[in-house]
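Structure record follows, encoded as C-alpha cells.
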Amino acid sequence: MGRVDLDAFSRLLTDEGQALLASLHDYDPGQELAVATRLRRSHDAGLVTAALAQARLRQRAVAKFGAEDAARMYFTPNGVEQATRASVAAYRAGRFADGLGVRSLADLCCGIGGDAIALARAGVRVLAVDRDPLTCAVAEANARALGLDSLIEVRRAEVADVDVTGYDAVFVDPARRGGKGRVFDPEAYSPPLSWAVGAARLTRCAALKVAPGIPHEAVPEGAEAEWVSDGGDVKEAVLWFGSGATDGAVRATLLPGPRSLAGRGLPDPEPGPVGRYLYEPDGAVIRAHLVAEVAEELGGRLIDPTIAYVTADEPGSSPFATGYEITDVLPFHVKKLRALLREREVGVVTVKKRGSAVEPEELRKKLKLSGPQACTVFLTRVAGAPSMLLGHPLR
Ligand SMILES: C[S@@+](CC[C@H](N)C(=O)[O-])C[C@H]1O[C@@H](n2cnc3c(N)ncnc32)[C@H](O)[C@@H]1O
C-alpha cells in the first residue's frame with residue numbers, strides 16, 4: 001500500500017501530473033464524477049485518482065495554510081490533519097529565530113512540513129525527519145514548491161537514530177493519533193513524551209508540542225509551558241527547554257498578535273457577587289491557569305470558586321478576555337428565560353456555558369425565539385447554584 005501511494009505521488013510531480021493538478025486548481029468537488037470521467041479519457045486512471053485526491057486535500061488545507069500556499073503544496077490526509085496551522089507555526093518559528101537566535105534546528109517528526117516551512121521562512125536551516133516514506137516525499141515536494149529546499153533537508157529516519165549534535169535546537173511534534181483516534185496519555189505519543197524530553201536536553205534550546213489538555217503536573221522539570229490560541233481557539237501547548245525557558249514558568253499566547261500573558265503565580269481570586277460586567281478569559285488563559293492574572297488586570301473576582309468567569313463592577317478591558325455587560329442574574333429556569341426573551345423581543349441568542357450540563361441546541365429549541373433583538377445568555381453556576389446571566393458584548 002505504502003509503495004503504491006508513493007508511486008502515485010511521484011507521478012503527480014511529473015509534467016503530466018503537474019498539468020493535471022493545475023487543471024484542477026478550482027474544481028468543484030460536486031462535479032468530481034464528471035471531471036474524473038472526462039480526465040480518464042486522456043490520462044491514466046490511477047493518476048487521475050491521485051490528482052483528484054490531492055486537489056481535495058489542497059482545498060481542505062486552505063484553512064490551515066491559506067489559499068496561496070495550499071494551492072502550491074502537497075498533502076496526505078493524516079499530514080493535513082496533523083500539521084501545525086501556519087499562523088501558529090510562524091509564531092513559534094519567530095520565537096526560535098528572533099527570540100532565541102536559533103539558526104539551525106532538527107525538526108524530529110516533521111510530517112508534511114508545517115513547522116519546517118515556517119522555520120525556514122524565518123531563516124532557520126532545518127533537518128526535517130519523519131519515518132514515513134510518503135510523508136517525507138510530500139515534505140520534500142513542499143520545500144521545493146515553496147522555494148525553501150536550500151534550507152530544508154528532509155531525512156527519512158526513526159527520530160531515535162538521528163544525531164542532533166551540531167544543531168542549535170530541537171523541535172518535536174509527536175504523532176498523537178493512535179488506531180482509536182486522539183491519544184491523551186503523553187507516554188502513548190509517538191515518540192513518547194519522555195523520549196522527546198531527553199532529546200530536548202541535547203541542544204541549547206528546544207520546544208515540544210503537546211496536546212493543550214496536558215495536565216500541569218505532567219509538565220517536566222526545567223520546562224516552561226506555553227498555551228497558544230488562534231482566533232480564540234486553543235490550538236496547542238508547547239514545552240520550552242534550555243536557554244530562554246524559565247523552569248516552571250507558564251504563559252498564554254493569543255494569536256493573531258501575538259499577545260502573551262506570563263504567569264506570576266497569583267493565588268485564585270476570591271469569588272463574590274456578579275457585578276455589572278462579566279469577562280470570559282481566552283481558552284489559552286484558562287488552560288494556562290492564568291485566570292487570576294486576568295482578574296487582577298480587570299480588578300475583578302470570580303462568580304464561583306470553580307468557574308472561570310470574572311466579574312467586576314467597573315468596566316475594564318483586557319486583550320486576554322472578552323467583556324460583557326450583564327443585565328440579569330437569575331436562577332436557571334427555562335420557562336422564565338423563554339418568557340423574558342419573548343418580552344424583550346429577542347430573536348438571536350448566543351449561548352455560552354461553563355459548569356452547566358444544559359445542551360445549548362436543546363435549550364434553543366425550547367426557547368422558540370422570535371424578534372429583532374439579540375442577547376447573550378450565560379449558563380453557569382454562581383456561588384454553586386445553576387444560574388443564567390443575560391447580557392451583551394462590550395464594544
Ligand atoms: C504531528 S505530525 C507532525 C506535524 C508537523 N509538525 C507539521 O506541522 O506538519 C507527527 C509525525 O511524526 C512522525 N513520527 C511518529 N513517530 C516517529 C518516529 N518514531 N520517528 C520518526 N517519525 C515519527 C509521523 O510519521 C508523523 O508524520
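Just follow the structure's listing: the first ligand is 1, and inside any ligand the first atom is 1.
Side-chain atoms of K209 and T84 form a donor-acceptor pair, as typed in the model, at a separation below 3.5 Å. Side-chain contact, N78 with T76: no donor N or O sits under 3.5 Å from an acceptor N or O.
L208 CG to F171 CZ: the interatomic distance, rounded to the nearest 0.5 Å, is 8.0 Å.
Note on ring orientation: taking the six-membered ring where Trp is involved, the planes of Y74 and F9 are perpendicular (angle over 60°, cut-offs 30° and 60°).
Taking 4.0 Å as the cut-off between side-chain N and carboxylate O, R95 and E224 count as a salt-bridged pair.
Near ligand 1, residues Q82, A83, T84, C109, C110, G111, I112, G113, G114, D115, D130, R131, T135, A157, E158, V159, D173, P174, A175, S190, P191 each place a heavy atom inside the 4.0 Å sphere around the ligand atoms.
Chaining together hydrophobic side chains whose heavy atoms lie under 4.5 Å apart places I326 alongside V274, L278, I303, I307, Y309, Y324, V329, F378, V382, L389.
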